[in-house]
Amino acid sequence: MMNKPKIVVLGSGYGGIITTKKLEKLLKSGEADVTLINKHSYHYITTQLHKTSAGTAQDNKIALPIAELINNEKINFKKATVSSLNFDDKQVLLENDETVEYDYLLVALGFQVETFGIPGIEDHAFKIRSFRSSKAIYHHIENQFSKYQEDHDPARLTFAVAGAGFTGVEMVGELVENLKNLAEKHDVPYEKVQIINIEASPNLLPGFALDAVKYTTELFKTMGVKLMTSTKILECTENYVKVDSGEIATKTLIWSCGVRGHQLFEEAGLETIRGKMKVDKFLRIPNLEDVYCIGDNAHFMVDEKTALPPTAQVAMQQGPVCAENIVATMRGTELKEFEYNHKGSVASISDYYAVGKVGNFVIKGKFAALMKQVVEAKYLFALGGPGLVFKQTLGLNPLGFVKRTVKQ
Ligand SMILES: Cc1cc2nc3c(=O)[nH]c(=O)nc-3n(C[C@H](O)[C@H](O)[C@H](O)COP(=O)(O)OP(=O)(O)OC[C@H]3O[C@@H](n4cnc5c(N)ncnc54)[C@H](O)[C@@H]3O)c2cc1C
C-alpha cells in the first residue's frame, strides 16, 4: 500500500486553524495524514489579546482548547514548539528533539515583536505577543496598584502605551475601561492614574481617514488619555521611558510599535523581508514548492509595490486557499490564485466605542463598536459554527450599554 502524504501545519493561530479546518472538509477519509503543531494546547484569539492584557476579558473567551475546534479523528494535534526547519530533508524539528517529516508544509507561526533595536525595549517593555505574555502584562499592572499602596511611587500609576496605531489605540481603550476598576479595587484614587499614548507620527492611527483620527483624538481627550504624538522613544528602563522631549517616570511601557515575521526562516538560511517569506500567488515559497506560508509569516504582493499587511483578515482569507492548493497539489489538479478582498478595518476603543472604515465609509462610535463585535462573532462562526458563537458571546453586551464585569 502506498504511504499517505503527510501534511504538517505549523501554528494554530488565525491562519493555521482556518487552514486545518478547511483541510478537514476537503480531504477524503484516509487520503492524507494531517498534523497540526502548536506551542500551546489552546488557540488564542490574537486580535483580542489587548483585552487579556488589560484584564477586560475572561480567559475562556480568548483562549479556546484546540481539541474542541478540530476533528480529532482527522487531525493529529501535537502540542510542541518548533525549533527549526530543515527544508532540504523536509523535516520540522521540535524543542523536545522530536523530528516530524512532511510532504506538504504550511508555516503559519505568526508574528514576532519588532523592537527596532531601541535600547531596553527587549528587556523592559511589555509585549502583547501571546496569551501568556498578555496575562503577564495584566498581572504586572495589577501589581503596580498593590505596590503603590506600600511606596506611593507615582511612576507605578503611569501606564504608557508605545504606538498609536491599530493595536496601541485598542490597548489604550481597554486600559481606560479597566484601570478605574483596579484603582477602586485597590483603594487608589483614580485621579492619580495616568495613561499615556506615545506615537512617533504627527497623528494617532496613521493611515486612517482624517475623520477617524479626529474622532479618536477627541475621544482620548474626553477619556483623560495623554496623547504624545511626534514623540520618539529612545530608551526604556524598569523605571522610566526616555523620549526625545525628556523622561517619563513609569514602570509600564506596553510596546505595540510593529511586528516582523518569524526568525525560523532566517535561521534556516532563507532570505526574508523583516522575517517574512515572499510567497507566490498560490501562497507557496518560491523554489520550495511544497512549502506554503500565510498570515503574518508571509510577504504577499498584491501588485508590484504593495504587500499585504499583517492582519487576521489576510490570514483568514489565505487559509482556505492554502488548504485547497495543498489538496490540489496532492491530487494533481489546478491550483487557485489567492486574491485578497479587503472588507474594511475597525479598531475598538474599549467595548463601547470603535473607529474604522468599511468600504468608503468611516464608521465610529457605538455603531462601529457593534460592527467590531459582529466581525468577532463571524470569526467564531468560522471556527465552531453557531454553537461556539453562542457559547462565547453569552454574557457580552452587544451594544455596550451594560457594564461588563470580569472576575480575575
Ligand atoms: C492586540 C492585537 C490586536 C489585533 N487586532 C486585529 C484586528 O482587529 N483585525 C485584524 O485583522 N488583525 C488584528 N491583529 C493582527 C492579527 O492578530 C494577526 O495578523 C493574525 O493573528 C495573524 O495570524 P497568523 O495565523 O499569521 O498568526 P497568529 O494568529 O499569531 O498565530 C500563530 C500561532 O503560532 C504559534 N507559534 C508561534 N511560534 C511557535 C513555535 N515556535 N512553535 C509552535 N507554535 C508556535 C503561536 O502560539 C500561535 O498560536 C491584531 C494583533 C494584535 C496583537
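We count ligands from 1, going down the list as the structure has it; atoms in each ligand are counted the same way.
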Between Y44 and H40, what is the ring plane arrangement, given parallel below 30°, perpendicular above 60°, and tilted in between?
-> tilted
Output yes when [X] and [Y] qualify as a salt bridge under the 4.0 Å nitrogen-oxygen rule, no when they do not.
X    : Y    : result
K78  : E98  : yes
R260 : D296 : no
D153 : K147 : no
E324 : K336 : yes
E142 : K185 : yes

Please determine if [X] has a nitrogen or oxygen closer than 3.5 Å to a nitrogen or oxygen of ligand 1.
X    : value
H50  : no
I37  : no
G15  : yes
P310 : yes
K39  : yes

The one among [options] that brings a heavy atom closest to [atom]:
atom                    : options               : answer
atom 32 (C) of ligand 1 : I128, L109, V314      : L109
atom 31 (O) of ligand 1 : G344, S12, G13        : G13
atom 2 (C) of ligand 1  : T46, V113, I294, T311 : T46
atom 42 (N) of ligand 1 : N38, L49, I66, V82    : V82

Atoms of ligand 1, numbered as shown, that sit under 4.0 Å from any heavy atom of [X]:
X    : value
G295 : 26 (O)
E170 : 3 (C), 5 (N)
K372 : 7 (C), 8 (O)
H40  : 47 (O)
Y44  : 46 (C), 47 (O), 48 (C)

Within-shell test, [X] vs ligand 1, heavy atom, strictly < 4.0 Å:
X    : answer
A80  : yes
F166 : yes
Q48  : no
M171 : no
S130 : no

[atom] - nearest protein heavy atom and its distance:
atom                    : value
atom 27 (O) of ligand 1 : G110 CA, 3.2 Å
atom 11 (O) of ligand 1 : A312 N, 2.9 Å
atom 4 (C) of ligand 1  : T47 CA, 3.5 Å
atom 18 (C) of ligand 1 : D296 OD2, 3.4 Å

How does [X] reach ligand 1, by side chain, by backbone, by both or by neither, if only non-hydrogen atoms under 4.0 Å count?
X    : answer
A315 : side chain
T167 : side chain
H262 : side chain

Do any side-chain atoms of residues 204-215 form donor-acceptor pairs under 3.5 angstrom with protein atoms, and if so which ones, sequence neighbours left out?
from : atom 1 : to   : atom 2 : distance (Å)
D211 : OD1    : K364 : NZ     : 3.1
D211 : OD2    : K364 : NZ     : 3.1
Y215 : OH     : G365 : N      : 3.3

Partner of S348 under side-chain hydrogen bond (donor to acceptor under 3.5 Å, both in side chains), chosen from E376, Q48, K372, E170 = E170
Might you work through the salt bridge (Lys or Arg N to Asp or Glu O under 4.0 Å) test for R274 and E114, ending with a clear yes or no?
-> CA-CA 9 Å; R274 286 179 64 202; E114 181 70 271; 3.2 Å; yes
Inter-residue atom distance [X].[atom1] - [Y].[atom2], 0.5 Å rounding:
X    : Y    : atom1 : atom2 : value
Y352 : L219 : OH    : CG    : 13.0 Å
K39  : K79  : NZ    : NZ    : 11.0 Å
E289 : N325 : CD    : CG    : 11.5 Å

Using the salt bridge (Lys or Arg N to Asp or Glu O under 4.0 Å) rule, pick out the option among K4, K6, R331 that qualifies with E31.
-> R331
Which donor-acceptor pairs under 3.5 Å do side chains of residues 225-235 form with protein atoms, sequence neighbours excluded?
from : atom 1 : to   : atom 2 : distance (Å)
T229 : OG1    : P202 : O      : 3.4
T231 : OG1    : T229 : O      : 2.8

Go through F131 and Y42 one step at a time and tell me if the ring-ring contact (aromatic ring centres under 6.0 Å, His included) criterion holds.
-> CA-CA 9 Å; F131 180 68; Y42 50 84; 5.5 Å; yes
